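A short write-up of the structure that comes next.
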Amino acid sequence: GAGHTHHHQHYLQHHQAGVAIRPRQRRALTISLLISLFMMLVESVVGWVSGSLMLLSDAIHMLSHVLAIGVGLLALRLAAQPCGEHLPFGLYRLEVLGALLNGLGLAGVSGWIIYEGVERLGNPVTISGNEIALVAGLWLGGAVYFMFRG
């Protein structure tokens, strides 16, 4: 009886004390989400216009990052909900399920990229290096900015 209830109350106090760190994590994840979303859109448009499988596949890779970060943000929000007797450990398991869904999505996308790559072996597509250099320059500029931002 009382020992069991005391254990849950003790856990709840520790759980809610750990949630105080979450706003900083949420802000970092939100910034990562916005950067990833922007670069995904740039790579999608430039990849589609240029016909670059490399840019399209990286855009899909970035989509997996966007989805994973989005799931992480959702999991942070749900995990911050108060625990109760029926959920003594809260909703932390959602983070694991999000990782599983992300992994399954990556496996499916990888299959498409392999299929498309094999198709292009028989029907090569000429790609201009200008579009790829533009995207690489954006990536490099962003990396340098964040490295020296202080």
Side-chain angles (χ1 to χ4, degrees), residues 8 11-12 14-150:
H8 283 295
Y11 172 78
L12 291 175
H14 283 288
H15 169 73
Q16 290 168 349
V19 173
I21 302 170
R22 300 296 188 190
R24 212 169 115 203
Q25 292 172 331
R26 196 171 318 140
R27 183 176 187 280
L29 282 174
T30 301
I31 291 169
S32 296
L33 177 72
L34 293 174
I35 292 169
S36 297
L37 186 61
F38 172 75
M39 287 309 297
M40 181 197 73
L41 292 173
V42 168
E43 288 180 338
S44 297
V45 170
V46 175
W48 184 264
V49 169
S50 70
S52 170
L53 180 59
M54 190 252 341
L55 286 177
L56 287 174
S57 64
D58 198 55
I60 293 170
H61 174 230
M62 293 305 298
L63 174 63
S64 75
H65 285 283
V66 167
L67 293 174
I69 294 168
V71 167
L73 281 167
L74 179 63
L76 275 176
R77 176 171 289 189
L78 292 174
Q81 299 299 316
C83 300
E85 287 293 322
H86 65 288
L87 287 173
F89 296 103
L91 297 171
Y92 281 109
R93 291 181 186 99
L94 290 177
E95 295 170 352
V96 175
L97 291 175
L100 173 66
L101 290 175
N102 186 47
L104 291 174
L106 279 175
V109 167
S110 296
W112 173 79
I113 292 169
I114 291 169
Y115 170 80
E116 191 66 30
V118 169
E119 284 287 315
R120 288 185 180 210
L121 287 174
N123 302 313
V125 176
T126 304
I127 307 296
S128 167
N130 294 334
E131 290 90 357
I132 295 172
L134 170 74
V135 173
L138 280 173
W139 272 117
L140 181 62
V144 168
Y145 170 77
F146 283 104
M147 271 181 22
F148 295 108
R149 186 178 108 169

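Worth saying up front: this structure is predicted, and the values here are computed from it rather than measured. As a basis for the values below, the full set of heavy atoms in this structure was taken, side chains included, without hydrogen atoms, waters or symmetry mates.
The side chain to side chain donor-acceptor pair (under 3.5 Å) analysis of residues 31-40, with sequence neighbours excluded, yields no pairs. For residues 49-75, the side chain to side chain donor-acceptor pair (under 3.5 Å) pairs, not counting sequence neighbours, are Asp58-His61, His61-His65.
For the pair Val125 and Leu53, the minimum side-chain heavy-atom distance is 4.5 Å or more.
The two atoms that bring Val46 and Glu131 nearest to each other are CG1-CB, 3.3 Å, heavy atoms only.
Taking CD from Glu43 and CD1 from Ile132, the interatomic distance works out to 10.5 Å, rounded to the nearest 0.5 Å. Considering CG of Leu74 and CD1 of Ile69, their distance stands at 14.0 Å, rounded to 0.5 Å. In this structure, the separation between CG on Leu34 and CG on Leu29 is 11.0 Å, given to the nearest 0.5 Å. Here CG of Leu67 is found 9.5 Å from CG of Leu33. Values are rounded to the nearest 0.5 Å.
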Would you sort out whether Val144 and Leu140 count as a side-chain contact (heavy atoms from CB on, under 4.5 Å), showing the intermediate values? CA-CA 6 Å; Val144 168; Leu140 181 62; 4.2 Å; yes
Output side-chain donor-acceptor pairs under 3.5 Å for residues 108-123, partner residues at least two apart or in another chain, one line each.
residue	atom	partner	partner atom	Å
Ser110	OG	Leu106	O	2.8
Arg120	NH1	Gly51	O	2.8
Arg120	NH2	Gly51	O	3.3

